[in-house]
Structures are given as structure tokens and as C-alpha cells.
Asker: 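This is the structure, below, for whatever I ask next.
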Amino acid sequence: MERLDTNYLIIGSGCSGLAFADTLLDQTDADIIIADRHAKPGGHWNDAYGFVRLHQPSAFYGVNSLELSDGTVDQIGLNQGMLHLASGAQVSAYFETFMERHLLPSGRVRYLPLTEWVGDGRLRSILGGEEREVAYRKLVDSTYYGTTVPSTHRPKFEVVGDARLVPPNVLPALWKERDDVPSAFVILGAGKTGMDTVAWLLQAGVMQQAIHWVRPRDAWLLNRAKLQPGLANFEDSIGGQLALMTAWAEASDVDELFEKLEAANYVLRIDRHTRPTMFHYATSSRAEVDLLATVETVIRDGHVKRIEPGRLVFEAGERGSPQMPCSSTAPRLPSPAIRLCPYGSTTGSPCRWSGSRSRRSVRR
Ligand SMILES: Cc1cc2nc3c(=O)[nH]c(=O)nc-3n(C[C@H](O)[C@H](O)[C@H](O)COP(=O)(O)OP(=O)(O)OC[C@H]3O[C@@H](n4cnc5c(N)ncnc54)[C@H](O)[C@@H]3O)c2cc1C
């Protein structure tokens, strides 16, 4: 078995692992090995759906020694007037450039793509299968956040028969199926990926009536206008921080905290009549939230347990209140429909609480 020797063995070449390597390179003389399952650096961005973007300004993202943002302010679209949000392709290209032009030319970094850390000081080549032993001074596990995206994990619910269930990655390729384009779309999930998907469909010309959105819980969203760096945005960004600290100091519970933050325009919600019960640090704009609010069929019946052709069955115990019409616990869906599944994706550190129960309803 081949034996490798290094000061730092970093598992993962996503943003966390690369940012750590960048700082090591800058502040030490250490020798570094970076191993990753993926074929290219960039972590989960390798698996993202085609229309993904950062949801915070590019200026906040990336490694210290290489700027991702070029300072451009978007002139059009849902982010108009705010600093550019790099697309997934731009983020991937950025990490590749960083690897090729900064890390590898230093002569102190060895990068092992398509290589899995299997523990016990061993790395395994995913395609070749052979194992290598690594002697290291420090092991850096940058996989700690456990970021997952829909295209790489299995749904937690059952899919029966020929129900058509796909991750959002499939959408941009629907043009190839011109004769089989679905007449309706059912979106599962109220996180950032679900929101991106609904906004993308609406912007792609799908009528809101053709969208059915399963939102087990609504989310509070950070207002991107309050997160703009630079002197020109001083009032909004520092004013936003002031509002945040004031709300923390004055609120007596979590519900009141978010009421104050909403009054200060620091957080947004899609439905004014539904109190959100989750906050995953997803960031959005007023224009995007207004667009998402145009979808009228929102199914608030808990998590999906099973998908059958034309029918959704929800988890027992998380169904709507008894006075809910029966159909709301297993709504019939227009057929043929395509279900888009941002199930369980995470975009930040979860922050959950037991606030007031949200109104569960099927609005039609
Ligand atoms: C759609 C989306 C949008 C986001 N937008 C923003 C944003 O705008 N701003 C922001 O700050 N954050 C954003 N995030 C949060 C994002 O999770 C982090 O910013 C960051 O990209 C996470 O990087 P990471 O290195 O921790 O994880 P990952 O990118 O998941 O990288 C971990 C790497 O470890 C590898 N790995 C895991 N286990 C092993 C093993 N056993 N052996 C070898 N390799 C292994 C994986 O292959 C992967 O490449 C977003 C997240 C998502 C999903």
C-alpha cells in the first residue's frame, strides 16, 4: 500500500476545506493534502441545480486570498439594485481557478479528487479502488456542516407506481421533452431550494395556477437589502445590524423577536397570514418574496409520507386539523404532474423553535 506523509490532511475541497487551506498557506509553512470524493473542487456546488445562485452577495463568499465579487450591482431581475449573486457555475469556476492558480502552484498542496476518506488513516480511490495510507500531523474534517443537496440524497418518503419525482436539476432540460412537458408542478419543501424552484418556474413562464406548493412550515427570510456591503449601503446594512441588536435586547420571546425584525424590514415572509416557524438563514429579496406570494395553492399538511400517481399522502400525526377537508390530507393532483423535490436540503445552520402553530391550509 502506498504511504503518504503530510502536515495537514484536509477532508473535503468545498468552501470550508479550501478556505482553511488558503489560510494555512498564508500563515504557515505547512505541507497539505486535500482529499475529496468529488472530481472537482467546490463541494456541493458540483451537484447543484442549473439555476442555483448564492443567496447572499458574492462579496461575502469564498476564500480570503481570491475575491469572488467584481463589485457589480445587478441592473435587472429579482436582485435588481443589489450586489451580484454568483451563479453555481461561477462559484464552481471560482474554486477551480483557486485550486489551479493558487493552491497547486504553491508546491505545498497535493489535491486528491475522487478520493474518499475511509478513516483509520486510509484514503480510497473511488474509481480505482486502491487504498493509500496517510501519516498526518493534523486531520481537518471539513465535512462537519454535512451540507446536502437534493440530487445526491434519497427522499425520506415512498414513491409508488409511476409517480414522476425529480430533483430541480432536471427542470432546465425539460425543453428536450417538448411533447411530454408536465401540465402541473408540485414542489415539495419550503426551504431555499424550494423557493428557488418556484421562482424559476414562474420566471420560465409557468402559470401560478399550475404550481402546487407543499410547505410543511413557512420560513423567515433575511432581507438581502440589509446585507449589502460597502459605504453606499451603510444605512441599510449597519442600520439593519442595529435593528437586529435592538430586537434581541427588547424581545421577550422568539415570536416577538421576529415581529420586531419584520417591523424593521430585516426579515421577510412569503405569506403575511402565516407565522413562519423556521429560520435557516435563507436570504431573499422583496421582489422574490412578492413573486413567490403569487402562488395560491399552498398545501400546509405536514411532511409527505408517500407519493402515488396523482396523490400525496401525508405523515400521520402531522395532518391538518380534524375540520380540514379529507382531501387536504391526500390531495389529488392534476395529472400528469411533475413533483420537484428539494427534500431536506440545507443552506445554513438550522435554527428551530416551537412557536405558535402555523395555520395549516390548502388554499385553492
Ligand atoms: C444551494 C445552496 C446555496 C448556498 N448559498 C450560500 C450563500 O449564498 N452564502 C453562504 O455563505 N453560504 C451558502 N450556502 C451554504 C454552503 O453550505 C456553504 O457556504 C459552503 O459552500 C459549504 O461548504 P463546505 O465545504 O462546508 O461543504 P461542502 O460544499 O458540502 O463540501 C464538503 C466536501 O466534503 C467532501 N466529503 C464528504 N465526506 C467525504 C469523505 N469521507 N471523503 C472525502 N470527501 C468527503 C464532499 O464530497 C464535499 O465536496 C449555500 C448552500 C447551498 C446548498
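Counting starts at 1 for both ligands and their atoms, in listed order.
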Asker: Do Ser65 and Asp22 pair up side chain to side chain, a donor and an acceptor below 3.5 Å, judged on atom types alone?
Answerer: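 Indeed, the side chains of Ser65 and Asp22 share at least one donor-acceptor pair under 3.5 Å.
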Asker: For His55 and Asp196, does a side-chain donor sit closer than 3.5 Å to a side-chain acceptor?
Answerer: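 Side-chain D/A pair, His55 to Asp196: absent.
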Asker: When you compare the side chains of Arg286 and Asn265, does any donor N or O come within less than 3.5 Å of an acceptor on the partner?
Answerer: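 Result is yes, a qualifying pair exists.
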Asker: What about Tyr61 and Tyr94, are their ring centers closer than 6.0 Å?
Answerer: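 Ring-ring flag for Tyr61/Tyr94: false, centres at least 6.0 Å apart.
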Asker: Are Asp271 and Arg300 within salt-bridge range, i.e. N to O under 4.0 Å?
Answerer: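 Here Asp271 pairs with Arg300 in a salt bridge, since their nearest N and O are under 4.0 Å apart.
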Asker: Considering only heavy atoms, which of Tyr49, Trp117, Phe20 lies nearest to atom 42 (N) of ligand 1?
Answerer: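 The residue whose heavy atom sits nearest atom 42 (N) of ligand 1 is Trp117.
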Asker: Assess the side chains of Ser284 and Glu288: does a donor N or O sit below 3.5 Å from an acceptor N or O?
Answerer: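 Per modelled atom types, Ser284 and Glu288 side chains form a pair under 3.5 Å.
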Asker: Which pair of heavy atoms, one from Arg164 and one from Pro182, lies closest together, and at what distance?
Answerer: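 Heavy atoms only, the tightest pair is NH1-CG, 3.8 Å.
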Asker: If the cut-off is 4.0 Å to any non-hydrogen atom of Thr115, which atoms of ligand 1 fall inside it?
Answerer: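 Contacts of ligand 1 toward Thr115, numbered from 1: 43 (C).
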Asker: Any N/O of Thr143 closer than 3.5 Å to an N/O of ligand 1?
Answerer: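 It does not: no N or O of Thr143 is found under 3.5 Å from an N or O of ligand 1.
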Asker: Heavy atom of Trp45 under 4.0 Å from ligand 1?
Answerer: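 Under 4.0 Å: yes for Trp45.
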Asker: Relative to the heavy atoms of Gly43, which atoms of ligand 1 are at a distance of less than 4.0 Å?
Answerer: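 In order of numbering, the contacting atoms are 29 (O), 31 (O), 48 (C), 49 (O).
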Asker: Using the rule side-chain contact (heavy atoms from CB on, under 4.5 Å), only one of Ile10, Leu112, Asp141, Leu139 pairs with Trp117; which is it?
Answerer: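 With Trp117 as partner, side-chain contact (heavy atoms from CB on, under 4.5 Å) holds for just one option, Leu139.
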Asker: With atom 33 (C) of ligand 1 as the reference point, say which of Val91, Leu54, Asp36, Thr283 has the nearest heavy atom.
Answerer: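 Result: the heavy atom closest to atom 33 (C) of ligand 1 is in Asp36.
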Asker: Does the N or O separation between Tyr145 and ligand 1 drop below 3.5 Å for any pair?
Answerer: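 No, no N or O pair falls under 3.5 Å.
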Asker: If every non-hydrogen atom of Arg178 is compared with every non-hydrogen atom of Trp175, which pair is closest and at what distance?
Answerer: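 The answer is CG-O, 3.2 Å.
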Asker: Are side-chain N/O atoms of Gln208 and Thr294 paired as donor and acceptor at under 3.5 Å?
Answerer: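 There is no such pair between these side chains.
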Asker: Which ligand 1 atoms, with their elements, are less than 4.0 angstrom from a heavy-atom of Tyr61?
Answerer: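 So the atoms of ligand 1 that pass are 9 (N), 10 (C), 11 (O), 12 (N), 18 (C), 19 (O), 20 (C), 21 (O).
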Asker: Give the single entry among Ala39, Ser16, Gly12, Ala19 that approaches atom 24 (P) of ligand 1 most closely by any heavy atom.
Answerer: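 Heavy atom nearest to atom 24 (P) of ligand 1 belongs to Ser16.
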Asker: Within ligand 1, which atoms have a heavy atom of Val52 less than 4.0 Å away?
Answerer: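 Atoms satisfying the 4.0 Å criterion: 1 (C).
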Asker: Ignoring hydrogens, just give me the one of Lys40, Lys192, Arg37, His38 whose non-hydrogen atom is nearest atom 44 (N) of ligand 1.
Answerer: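 The option holding the nearest heavy atom is Arg37.
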Asker: Minimum distance, heavy atoms only, to atom 8 (O) of ligand 1: which one of Arg124, His55, Arg224 is it?
Answerer: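 Closest candidate by heavy-atom distance is His55.
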Asker: Counting only heavy atoms, which portion of Tyr144 has something under 4.0 Å from ligand 1: side chain, backbone, both, or neither?
Answerer: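 Under 4.0 Å from ligand 1, Tyr144 contributes no heavy atoms.
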Asker: Considering both backbone and side-chain atoms of Ser13, is one of its nitrogen or oxygen atoms within less than 3.5 Å of a nitrogen or oxygen in ligand 1?
Answerer: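 There is no such contact.
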Asker: Measuring from atom 52 (C) of ligand 1, which candidate in His280, His44, Glu116, Arg53 has the nearest non-hydrogen atom?
Answerer: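 That would be His44.
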